[in-house]
Amino acid sequence: MGHDTAEWVFVAIVIAVLCYVGVDSWIVQKAVEDVPANAEVIKVTGQQWFWSFEHADGTKEISTLHVKKGHAYVFEIYSRDVMHSFNIPDWVVFEDAVPGHVNHAWFAPDTAGTYPIQCREYCGLLHYNMRGSLVVEDDNAT
Amino acid sequence: MVLELQKPRPVWQIMFSTHHTDVGYLYLVFGIIFLFMGGVLAMIIRTHLFFPGQGVLISDSATFNRIFTVHGLTMLFLFALPVANGIGNILVPIMVRYKDMAYPKLNAIAFWMNPVGAALLWLGFADTTWVSYAPYSIIRAPGPAADMFIFGMKILGVSSILSSINFVVTILKCKHPDLPLRRVPLFAWSMFTVSLMTIIAMPTYAAALIMMLTDRLGLSGFFNPFAGGDPIAYLHLFWFTFHPEVYIFLLPAIGMMYEIIPRFSRKPLYSQASGVFAFVMLGIIGFASWGHHMYSTGMDFTTKVVFMIGTLAAVPASGMHVFNFLATMWGGRIRFAAPMKFAVGGIALFFSAGAGGVLNSAMPLDFITHGTYWVVGHMHLFLIGTIGFGFVGMIYYMFPYVTGRMYNEKLASAHFVLMFWGTVQTFFTQHLLGLEGMPRRVYDYPPEFSSWTTLNQISTIGAWMIGASFAIFLASLIYYSAKGKPANMDDPWGIGGKYYYPVAAKNPHGGHSGY
Ligand code: HEM
Ligand SMILES: [Cu+2]
Ligand SMILES: [Cu+2]
């Protein structure tokens, strides 16, 4: 009965694994949150039950967002009514849209294509259908 | 006793009794009824999601949203808490060698608040989700359902505070003087820990509910951004109560495994001290991690790190329980009767759920998993995998002592195999769905992602297996409590040793002469 070596060894191993997980995610998260200085701002607004976007040059889009490959973008995320969560799963863009708050997320797509945009926080009746798409286009100018 | 079919007493005698075993049976029967009601809702949800395309089974998303909300509320507050309280009521006074709970009348009152709360939740049938985040629950959720939800939760919350006070006083004050606290059996320790946690955590939510109600009435604007409030404040108050609350749901199941494992391994528990230590640790550290539910609400980096550390800190204590179980079984002459099967299955699923939890709490990964079906899979490995298996094992364990009859071991095996397989299939698959990006709480999903359809179908078939296993459970509970072979009350499983809870002998109203 009582603690013996086996249990101490077991607990030590568990703690070692946890330290590894903790430190590793600290490093990764630090890198992930480091927004590049040249990132272009896109305003994202969630409302029941669609997303709208406003580019830095004032262009507005609803549901479909066009961006250029190889550029960095930072999203300023707003909500007009209840909580939503702006999510582009393929690019791991995920941040809540909270009324009264402005949240940020950034990404720099490097492959052209069309990707789903969705809402990942329950927001009522049509939460399931609060979907849109992201179109990443080749940047012909460069 | 309802269940005591050898010498039945009229039902009203149990209903108006304040004796701890009677109140315990009331809690148990109530909890089991709602397990099946919540289970039916789960089957409806999963069957509906078998195919993409609207209207497979439920023709509008409003109904769907109400169904998963009430499923969650039912399983947590009308099944998990009452069953833990029921078994706690029956066993804790016996374990601390006292004749009843400290305050028998308060105990009965606390129970009778449950049907009232249940009626409000089920008649209202709200669509707020069980977390009922502001401002949806304030500015958009339709009444009167949302208001009935607030009152229902209020009543259930008060009830759980009352019963927690009762457990704490019973254990601290009514314990036999010869019995030192550290030697109190671990199931009673688990009830002691969760009762203290409830007393500390629950008032915060109770306050938040009142604030939500006055916000809904337009009298205040605490959480309403359009009246100067802040929804994030609600999230903090909610999770300050409900992250500890997940341990409140979980620990009684672990305590039950501490009853079952040593007995069916025919060996003394590996370490009482380590079990007590792990319960107390979890009880304290459980309060340091609520923010892990809020990583994506715009939390700053430092806060996220603090909550990640708080979350990871709870893992070693959970690991100690698993170690304790395995070390107890090691070298034991194990008898895999139904209670043991469910306990061991529960430990396996507890371990996998914990491993998934470590991944979740790592901040960068949480951004992939949060709000997706991963979370649904993860939490159900705890909810049905650990709590469900622990409780079902304990119900089989107590069956002969309560009814005086034996359940059918073959049917119990069938129940176990179907439920275990079904749980693995349903909820492991949902982890994959989450990684594929499928959000939770969705009424429908786009048919063009073919992997979503396949995974949903695998998951639904698993859920049907769980449903079938519970049909077996229900039928055998009813049939064998009336028609089962009389059990050998000294040793129902023929494993030697003596059971130390003379259930009926302790009950002055019971018809039995004691076994
Ligand atoms: C037969 C086994 C079960 C199945 C098939 C099942 C299935 C489901 C499904 C499909 C959802 C909806 C997920 C979503 O759309 O986000 C859900 C939610 C939930 N379930 Fe279960 N469930 C089962 C058992 C349990 C048990 C035993 C508990 C608790 C002890 C539980 C607690 C919950 C909770 C708290 C939610 C969240 C509700 C919400 O999102 O507001 N479930 N379940
Ligand atoms: Cu939404
Ligand atoms: Cu939590």
Side-chain angles (χ1 to χ4, degrees), chain A residues 1-4 6-7 10-15 17-19 21-22 24-33 48 77 79 81-90 92-105 115-116 118-131, chain B residues 60-62 64-65 127 129 131 133-136 139-141 225-226 229-232 268-274 294 296-298 301 304-305 308-309 312-313 315-316 319-320 323-324 327 358-359 361-365 367-368 370-372 436-446 449:
Chain A
M1 291 276 263
H3 284 259
D4 65 7
E7 183 161 13
F10 171 79
V11 172
I13 294 174
V14 172
I15 292 177
V17 171
L18 296 177
C19 289
V21 172
D24 209 41
S25 49
W26 191 83
I27 295 170
V28 174
Q29 189 66 20
K30 195 88 200 153
V32 167
E33 290 194 9
Q48 285 177 325
I77 304 166
S79 164
D81 40 43
V82 302
M83 265 179 82
H84 303 272
S85 198
F86 180 64
N87 178 218
I88 312 173
D90 296 292
V92 200
V93 172
F94 175 60
E95 194 73 29
D96 295 346
V98 185
H101 290 251
V102 188
N103 283 338
H104 298 271
Y115 306 92
Q118 59 188 14
C119 173
R120 229 158 83 185
E121 181 59 60
Y122 177 75
C123 54
L125 212 57
L126 301 189
H127 162 59
Y128 72 96
N129 206 19
M130 188 164 161
R131 308 186 65 90
Chain B
D60 62 315
S61 62
F64 181 89
N65 295 343
D127 74 333
T129 81
V131 299
Y133 277 1
Y136 180 80
I139 59 174
R140 289 295 150 89
F226 306 99
D230 187 354
I232 300 299
L269 181 65
Y270 165 75
S271 168
Q272 164 93 7
S274 142
M294 301 169 58
S296 62
T297 54
F301 183 71
K304 273 188 258 192
V305 172
M308 179 184 71
I309 294 171
L312 292 177
V315 178
M320 283 170 74
F323 185 87
N324 215 341
V358 171
L359 294 181
S361 57
M363 305 162 290
L365 291 178
F367 282 79
I368 300 178
H370 184 88
T372 70
E436 300 260 318
M438 176 163 162
R440 64 189 285 210
R441 297 173 175 154
V442 289
Y443 161 69
D444 191 13
Y445 51 95
F449 309 148

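In the text below, chain A, chain B and the rest are named by the order of the sequence lines, each starting its count at 1.
- Residue Tyr133(B) touches chain A through its side chain alone, counting heavy-atom pairs closer than 4.5 Å.
- Atom CZ of Arg131(A) and atom OH of Tyr445(B) lie 12.0 Å apart (nearest 0.5 Å).
- Both the backbone and the side chain of Asp96(A) come within less than 4.5 Å of a heavy atom of chain B.
- For a residue to count as touching a neighbouring chain, one of its non-hydrogen atoms must lie under 4.5 Å from one of that chain's; by this rule Ile139(B) touches chain A with the side chain only.
- For the options Ala313(B), Gly437(B), Pro135(B), heavy-atom pairs under 4.5 Å to chain A are most numerous at Pro135(B).
- In plain terms, the two heavy atoms of Ser296(B) and Asn103(A) that are nearest each other are O-ND2, 4.3 Å.
- The two residues Ser61(B) and Tyr128(A) come nearest to each other via the heavy atoms CB-CE2, 3.6 Å.
- Asp127(B) is listed as a side-chain neighbour of Tyr122(A), based on a closest heavy-atom distance under 4.5 Å.
- There is no contact between Asp90(A) and chain B, counting heavy-atom distances below 4.5 Å.
- With a 4.5 angstrom heavy-atom cutoff, Pro231(B) touches chain A only via side-chain atoms.
- Residues passing the side chain to side chain contact (heavy atoms under 4.5 Å, CB included) test with Phe323(B), sequence neighbours excluded: Ala6(A), Glu7(A), Phe10(A), Tyr270(B), Ala327(B).
- Contact annotation for Gln29(A): both backbone and side-chain heavy atoms come within less than 4.5 Å of a heavy atom of chain B.
- Put simply, CG on Asn65(B) and CG on Leu126(A) are 9.0 Å apart, with the number rounded to the nearest 0.5 Å.
- The part of Glu121(A) that comes within reach of chain B is its side chain, from C-beta onward, which places non-hydrogen atoms under 4.5 angstrom from that chain.
- For chain B, no part of Cys19(A) is nearby; none of its heavy atoms comes within less than 4.5 Å.
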side-chain contact (heavy atoms from CB on, under 4.5 Å) between Val14(A) and Met320(B), worked out = CA-CA 10 Å; Val14(A) 172; Met320(B) 283 170 74; over 6 Å; no
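- Under the rule for a side chain to side chain donor-acceptor pair (under 3.5 Å), the partners of Gln48(A) that lie at least two apart in sequence or sit in another chain are Arg140(B).
- Scanning all heavy atoms of the two residues, the minimum distance from Pro439(B) to Arg120(A) falls at CB-CG, 3.8 Å.
- Both the backbone and the side chain of Val358(B) come within contact range of chain A, each with at least one heavy atom under 4.5 Å from a heavy atom of that chain.
- The minimum heavy-atom distance between Pro99(A) and Phe226(B), with the atom names listed, is CB-CZ, 4.1 Å.
- A distance of 10.0 Å separates NE2 in His370(B) from CD in Glu95(A), rounded to the nearest 0.5 Å.
- Chain B forms the most heavy-atom pairs under 4.5 Å with one residue out of Leu18(A), Val93(A), Val102(A), and that residue is Leu18(A).
- Separating the OG1 atom in Thr297(B) from the NE2 atom in His101(A) is a distance of 8.0 Å, to the nearest 0.5 Å.
- Of the atoms belonging to Ala134(B), it is backbone heavy atoms, and not side-chain ones, that fall under 4.5 Å from chain A.
- The part of Ile15(A) that comes within reach of chain B is its side chain, from C-beta onward, which places non-hydrogen atoms under 4.5 angstrom from that chain.
- Taking the side chain as every heavy atom from C-beta outward, Asn129(A) and Asp444(B) never approach each other to under 4.5 Å.
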